Amino acid sequence: MELLFEKSRSGRGCDLLPPLDVPPAHLMEGMGRETPLDLPELSEVDLSRHYSALERRAHGVNNGFYPLGSCTMKYNPKLHEELAALPGFTGVHPSQSPETVQGCLKVLRLAEELLCEITGMAAMTFQPAAGAHGEFTALLMVKKYHLDRGEAGRTKILVPDSAHGTNPASAAMCGFTVVNVPSNPQGGVDLEALRAAAGPDTAALMLTNPNTLGLFDPNILEITQIVHDAGGLCYYDGANLNAVMGVARPGDMGFDLVHLNLHKTFSTPHGGGGPGSGPVGCKDFLRDLLPAGHVEEGPDGLELRDPAGTIGSVKAFYGNFTVVVKALAYILTLGVEGIPQAAQGAVLNANYLREQLRGTYDIAYGDGPCMHEFVLTLEKLKKETGVSALDVAKALVDQGIHPPTMYFPLIVEEALMFEPTETESRETLDQAAEVLKAIRAQADTDPAALHAAPVTTPIGRPDEVQAARHPVLRYRPPEVRP
Ligand SMILES: *Cc1c(COP(=O)(O)O)cnc(C)c1O
């Protein structure tokens, strides 16, 4: 597909800017460009067609099934976009004085109250812009908590080997040492290994429950107790809250801190580069450490205060405010009945699809029921037919289905991780199961075709190493290409 620069024809164009109705201002001497700005010149219709063509090449929730594991690619009601776009929310300036933005502060306050109720926490910050950013924020709080108590020797973060990659990365970014805790044969935390790892140098445990295998750890109370007994804090990676919201609360499981991904669970699309929101909640004894600018009740209404022992700011102003508006709208729309119903629907859909595939594919840790997602292991299939998890994922693309998460979690060989989400219909799940069964049959009869997939996309299989090591991230005219 040609780029805008290549479609450009000198002299074409469209007036997208209104005529100047103020006196022109001139740049200071020496501040202007030396060469003219090389912008593409196209008519409005050609521009419009270009972006429509790009859109048709992307796969979104509006195009078809999108079971990308650990990502919660569910349908987000369009109504919430409209609410977040109301001028009262989008037309304010972040430096306005609090008495002029009481409505916006009330949104933050109410969202905090409701999300604290859902997670079993006492206070929450909306500053972090993503899940990993929330992890980083919470770990800064953990670090300061121990330092303030004179326990500088607590330098280790315990992370199960099934953890999302951001967990060890955030711990390392905060200057902690990461200690890997192995899983037991059921896919949960190995309690003996945890007991051996927890000690006077433990700062915190980072845990996702249900974990990335889609399994709820039945030993969760014992796990948090072991860490607390060792003097460490317990941090809940709540990116998978879609499985448990309104049903089970991290606070009741013994966790002291939690982050949520509003851009997974609470009505903001995930992917596409944002904006996202990764609020961090904490128990009462940690609230003084929260980032600066926490919304509190003051003598003249709501105001922003810096908690006494704050770790400081982790982002400008209040984070991505309109994402919080959408989350609040979602929670209020679903209510106390709808929130657990959504979680139950997610769990039901994952189990339904998993049972459809049992017997056709091997399920990793497949003895008991799963939560919101499940993991297939294609190790045997690859040995027998040469068809890999990558081949199956690519073949799904030709059938209009977005590939599941591949080769993750790392403890499963040839992993395919499916998260169907509650917004998919039974018919969609049935159809996906049929497609996956047909691909499995084709692995025996025509494996070469699967190695060649996808054949319906503009690009089949890019050289992933080349793309990662030498990415070309901007257009260069032919004459200046290296
Ligand atoms: C998505 C996810 C994260 C990271 O969230 P981002 O917003 O992408 O930074 C962390 N942990 C788990 C379990 C996740 O699924």
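Predicted model, so just to flag it, every value in this text is computed and none were measured. Just so you know, ligand 1 is whichever comes first in the structure, and atom 1 is the first atom listed for that ligand.
Residues satisfying the salt bridge (Lys or Arg N to Asp or Glu O under 4.0 Å) criterion with Lys144, sequence neighbours excluded, are Asp148. Scanning for salt bridge (Lys or Arg N to Asp or Glu O under 4.0 Å) contacts around Glu222 gives Arg195, with sequence neighbours left out. The salt bridge (Lys or Arg N to Asp or Glu O under 4.0 Å) search around Arg56 returns none, not counting sequence neighbours.
Ion pairing of Lys380 with Glu414 is absent here, as no side-chain N (NZ or NE/NH1/NH2) approaches a carboxylate O to less than 4.0 Å. Under a 4.0 Å N-O distance rule, the pair Arg461/Asp391 qualifies as a salt bridge. Between Lys78 and Glu81 there is no salt bridge, since none of the side-chain N atoms of the basic residue sits less than 4.0 Å from a carboxylate O of the acidic one.
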For ligand 1, list every N/O pair with the protein closer than 3.5 Å, one pair per line with the distance.
unit_1   : atom_1 : unit_2 : atom_2 : d
ligand 1 : 5 (O)  : Asn261 : ND2    : 3.0
ligand 1 : 7 (O)  : Gly131 : N      : 2.8
ligand 1 : 7 (O)  : Asn261 : ND2    : 3.1
ligand 1 : 7 (O)  : His263 : NE2    : 2.6
ligand 1 : 9 (O)  : Gly131 : N      : 3.3
ligand 1 : 9 (O)  : Ala132 : N      : 2.8
ligand 1 : 11 (N) : Asp237 : OD1    : 3.2
ligand 1 : 11 (N) : Asp237 : OD2    : 2.5
ligand 1 : 15 (O) : Ser70  : O      : 2.9
ligand 1 : 15 (O) : Ser70  : OG     : 2.8
ligand 1 : 15 (O) : Lys264 : NZ     : 2.7

